[in-house]
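Just the heavy atoms: all of them, side chains too, but no hydrogens, waters or symmetry mates, feed the values below. Note that the structure is a prediction, hence the values are computed from the model and not measured. So that the names make sense, note that chain A is the first sequence line, chain B the second, and so on, each numbered from 1.
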Amino acid sequence: MRKVELAVVVWILLGCFVTSAFAAGKCRPDPLPPNPTVGQIMKHWYEIKFTRFADDVSYDICKVIMVDKSGFKREKISIRKRIILHGKHGFDYKDLVMITYPEYTKGLAILTWAYTDINKQNDLWLWLPSMKKVRKMSQADEDDSFLGTEFTVEDVSTRRYGYESYQLLGEAEFPGYTCRYDKKLYFKGEPCWKIRAVPKRKNWYYAYRILWVDKKTGVEIFAEYYNKLGKKFKEVFHYLDTPQNGCWSTRIWEVYNYRTGHRDTIVISPARYNTGLRERDFSPRVLERMEW
Amino acid sequence: MKRICIIILALLEWVSLAQASIYRGHSLTLEGSLKNETGVYLDNVGKYTKIMDIIDLKGQYRPVDELSFFMHIRKFWDHAYNVESDYQSARYLMYTNRKTWTGISWVRECYLDYFSVYLDMRLGKQIVTWGTADGIRVLDQVNPLDYREFTLRDWNEIKIPLWMVKLEAAPTVNGSLQFLFIPDFEPNFLPPAGAPYAFKTAETAAQSYARLERLGYRVVTREQRPAEKVGNAKFGIRWRDIIGSFEYSLNYLYGWNMNPETYASVDTSTMTGPPPLTGYPPAGSTYIFTRKYSRINLWGGSFSKSFVEGFLKGLTIRGEFAYLRDVPVSYYNDRGQLSYTKTDQYKYVIGLDKYLITNWFFSFQLIQLINSQKDYQGHRFLLPSGGPMDKVSTYLTLKISTDFFHERLKPEILFIYGDDNEWRISPKMYYEFNDHLTAITGMHIFVGKESELYGEFNDVNELYLELRYSF
C-alpha cells in the first residue's frame, strides 16, 4: 500500500516538475533598454502586439462593436487562441479565431499561420459553415477591411516590424484620448515617444502614421493615419492592462475614420497565457471539430 | 442496432440539455433562426417556385472541453405546393420533411463529440465533406444530396446527413487519418415529377407510368435498399497532411451509388384480358419498377497550396481527383427501354483563387468528368436530363464576390459554363439589416439545350428573396 502511495506522490511531483518546466513562457514583455533607439521601441511594440513574450495566449471573448455615423451598431464576437512558435520552422505564430456571434456567422473559423519572414503572406484556412468544410484561402489584401471594420487586415494581423521605416520625432506628453466606447479619458499627460512611420510600399492606403508610444510601457497607445496631402483620416487607440507585476493584456482597440464617421471598437477579455496549447491544436483538423 | 444508438444519443442529448439548464447553464448553447424563402419564375412572376418557411434550432451542451453533444433541428414547409396546382403530384414528398431520424428528417444532425490530443470521435447523424472543389462533387461522395432545388442551395443544406462513426487520429502535428463507418444508407433525393426542379428522367418515367395505367396495366414502384447489416455499411478512409504549406489528402470510399437503377418486370398473374397492343403483356398485368443500388469504389485525392511569396503571391491553387469504379450508367437499348451498364469514371477539378483588387475575390474552376467508355454497344449514356452524356464533359466556373458598407452588403455572381454551350448564371446580394435580420435576393438563370445538365432547367429561371431572423 505504501508503495502505491509513494508512487502517487512521485507521480504528482513529477507532474508538477514537468508542468513548470513547460510553462516557462512569460506573460509580460522584457523592459525596454535605457535610451532605446526607435528601432528597439518599435520592435518592442510588435513583441507586445503579437504577445511574442508568451508561449501561447487565449482570449475567451473578443467583441467587435461597429458603429456608423448615424449611431447604428453591429457586433461580432469571437474566441481567439494563438501559439507563438518563436521562429520554429520559420513560423512566427499560429492563430485560431472562431466567430460565436451573431448567429448567422457563428461557426466561421479562421486558422492563420504567420511566418517570421515579413515578405511572406499568411497561410489561411477557413471553416465555412455554409459548406461544412475546410477551405484553403488566399490572404485578403492587407488594405482590406478586417471583419468589416475600419481596421485593415494589416492593422490587426499582418503589420510587423519592418513594414515601415521609422523616425523618432521627439518626446511629448500625450494630450489624452476619450474612448468613444466607454467615454473614459485615457493617458492624458502620459510621456510618450512620437514616431513617424512611413510604409515601405508605394502608393499605399496611407502616406505615413504618427505614433504615440508610452515611454513607461512601450505600448503604441495611439496612431494617426495621414494621406499624401498630410490630412489625418484615421486614428487608432490601443489600451492594454499593464500592471507593474502581473500579466499584460490587450483590452481595447478603437479606430475612428474621419472620412466615413465610422467608429469600431474591439473589446477583449483578459488574456490567459501559457495554458499549454499545442501546435497540433492549430491544424486544419481542429477546424473540422466545428459544429456550427 | 441503429435504433438503439439513436435512442441512446437522443436520451443523452435530452438529459444533458435538461441538466444543463439546471446545473450548467454556461455550458449550454441554444440558437436558431426563422427564415422565409420565396421564389418566382423570372418570366412569370405570378408563379412561385417556392414559398418556404424554415425553422432552425441548434443546441450544444459542452460539459467539458473534450466532450459535447450537438443537435440541429430543421423543419420546413413549402407553401408553393399548396398554392400552385401544377405541383400537386409532388406535394407529398416536397411540402415538408416528415421523417424524424433518417433521410431528409427534421432532426438534421445529432451527434456526440469527443476530442483529444491524438483522437477525435464524432458519433451520430452528421455531414462529412471531402475535397476542395466548390459546387460540384468529385471526391465529396460521402453524404447523399437533396436535389429538391437542384444544386442551388448552400451545400450544407443540400447534403443529407447520415448516421455514422467518424474517427480522426492525428499521429503527427498536421497529419490525420480519418476513418468512417457508415451503417446508414440513404440515396440522393430526386424531386418527383411535378416539382419545379424535377429532372426530365423523372418526368419521363411519370409519363410512362401514366401511359401504362391508361392501357389498363397496374404500376407498382418498389425500392430495394441495401439491408441494414455490417456488410452493407459504407467505409471511408482519408489521410490528410501538410508538407510545408502544401496540403494534400488521399481518400478511399467503399460506398453505394446514390442514384437508383430502375429495373422493370411484369407480373402477369393479375392479368384481366388480352394485350391492348401487339408485343405488350396481357391487360391487367402488373408492371413492377424496382429501384436498386450498386456498390462503388472511389479512390482519389486533393491538394491545395497558397503562394505566400514570389510572383504568384496571393494565389491559391487547389484541386481534386477521383476515380470511381463500376458506376452504373443508363442508356436506351435497341427496344428503347432504359437499361444499365457499369463504367469507370474519372473526375477532376482545378481551382484558382485570388483577391485581385483589395476585397474583390475571384474563384475559377476547371472541371472535367470523363467516362472510360463513350457508350455501350453504340448506345449513348444518359444525363439526368435524359440527353446524351459526352465521354468527356468540361465545365468552367467563375465566382466573383466583394463587399460594401463595412460588409453589410455582399454581392456575388457565379457563372457556370458547360462545353455544350450551357450556362448557369447566379447573381445574388446579401444584406445585413442588423445583428439578427438578414436578407438575400438573387436570380438563377439557365441557358442551354434541354438535354443538357444545366440547360434542362432553362424553363425554371428564378428570382428569389430570403429573409432570415436569427436568435
Could you tell me which residues satisfy ring-ring contact (aromatic ring centres under 6.0 Å, His included) with Tyr273(A), sequence neighbours excluded, listed by chain and number? Phe53(A)
Within 45° cone of [Y] ring axis and under 6.0 Å: [X] NZ or CZ:
X: Lys305(B); Y: Phe307(B); value: yes
X: Lys234(A); Y: Tyr225(A); value: yes
X: Arg180(A); Y: Tyr256(A); value: yes

Report the residue from Thr129(B), Thr132(B), Asp353(B) that forms a side-chain hydrogen bond (donor to acceptor under 3.5 Å, both in side chains) with Arg135(A). Asp353(B)
Partner of Lys159(B) under side-chain hydrogen bond (donor to acceptor under 3.5 Å, both in side chains), picked from Asn143(B), Asp140(B), Asp146(B), is Asp140(B)
Looking at [options], which one has more heavy-atom pairs under 4.5 Å with chain B than the rest?
options: Gly148(A), Pro284(A), Ser283(A); result: Gly148(A)
options: Met131(A), His262(A), Arg289(A), Glu75(A); result: Arg289(A)
options: Lys120(A), Lys132(A), Glu291(A); result: Glu291(A)
options: Met137(A), Lys73(A), Gln139(A); result: Met137(A)
options: Gly90(A), Ser145(A), Pro129(A); result: Pro129(A)
options: Asp264(A), Thr105(A), Asn119(A), Asp144(A); result: Asp144(A)

Give, as side chain, backbone, both or neither, the part of [X] having an atom under 4.5 angstrom from any heavy atom of chain A.
X: Gln126(B); result: neither
X: Phe433(B); result: backbone
X: Val128(B); result: neither

Between chain A and each of [options], count heavy-atom pairs under 4.5 Å; write down the option with the most.
options: Glu168(B), Arg153(B), Lys313(B), Lys166(B); answer: Lys313(B)
options: Tyr355(B), Phe471(B), Trp155(B), Tyr118(B); answer: Tyr355(B)
options: Ser176(B), Ser245(B), Ser363(B); answer: Ser245(B)
options: Leu315(B), Ile127(B), Thr172(B); answer: Thr172(B)
options: Arg408(B), His436(B), Glu157(B); answer: Arg408(B)

Non-hydrogen atoms of chain B under 4.5 Å away: do they reach the side chain of [X], the backbone, both or neither?
X: His89(A); value: neither
X: Thr149(A); value: backbone
X: Thr100(A); value: backbone
X: Asp281(A); value: neither

Nearest 0.5 Å, what's the [atom1]-[atom2] distance between [X] and [Y]?
X: Glu235(A); Y: Tyr258(A); atom1: CD; atom2: OH; value: 3.0 Å
X: Asp60(A); Y: Ser78(A); atom1: CG; atom2: OG; value: 11.0 Å
X: Asp113(B); Y: Ser68(B); atom1: CG; atom2: OG; value: 4.0 Å
X: Thr152(A); Y: Trp204(A); atom1: OG1; atom2: CH2; value: 7.5 Å

I want to check something: taking the side chain as every heavy atom from C-beta on, are Leu34(B) and Leu467(B) in contact at a cut-off of under 4.5 Å? no
State which residues pass salt bridge (charged side-chain N to carboxylate O under 4.0 Å, His left out) with Asp403(B); sequence neighbours excluded, sorted by chain then number. none
Taking the inter-plane angle between the rings of Tyr226(A) and Tyr208(A) on a 0 to 90° scale, is it parallel (under 30°), tilted (30 to 60°) or perpendicular (over 60°)?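 Ring orientation, 0 to 90° scale: parallel.
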Hey, can you tell me if His238(A) and Trp253(A) have their rings parallel, tilted or perpendicular (30° and 60° cut-offs)? tilted
Output all residues satisfying side-chain contact (heavy atoms from CB on, under 4.5 Å) with Tyr46(A), sequence neighbours left out; order by chain, then residue number.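 Per chain and number, Tyr46(A) pairs via side-chain contact (heavy atoms from CB on, under 4.5 Å) with Met42(A), Lys49(A), Phe50(A), Arg52(A), Arg159(A), Tyr161(A), Glu164(A), Tyr166(A), Arg209(A).
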Just checking heavy atoms, which of residues 106-116 of chain A are less than 4.5 Å from chain B? Lys106(A), Trp113(A), Tyr115(A)
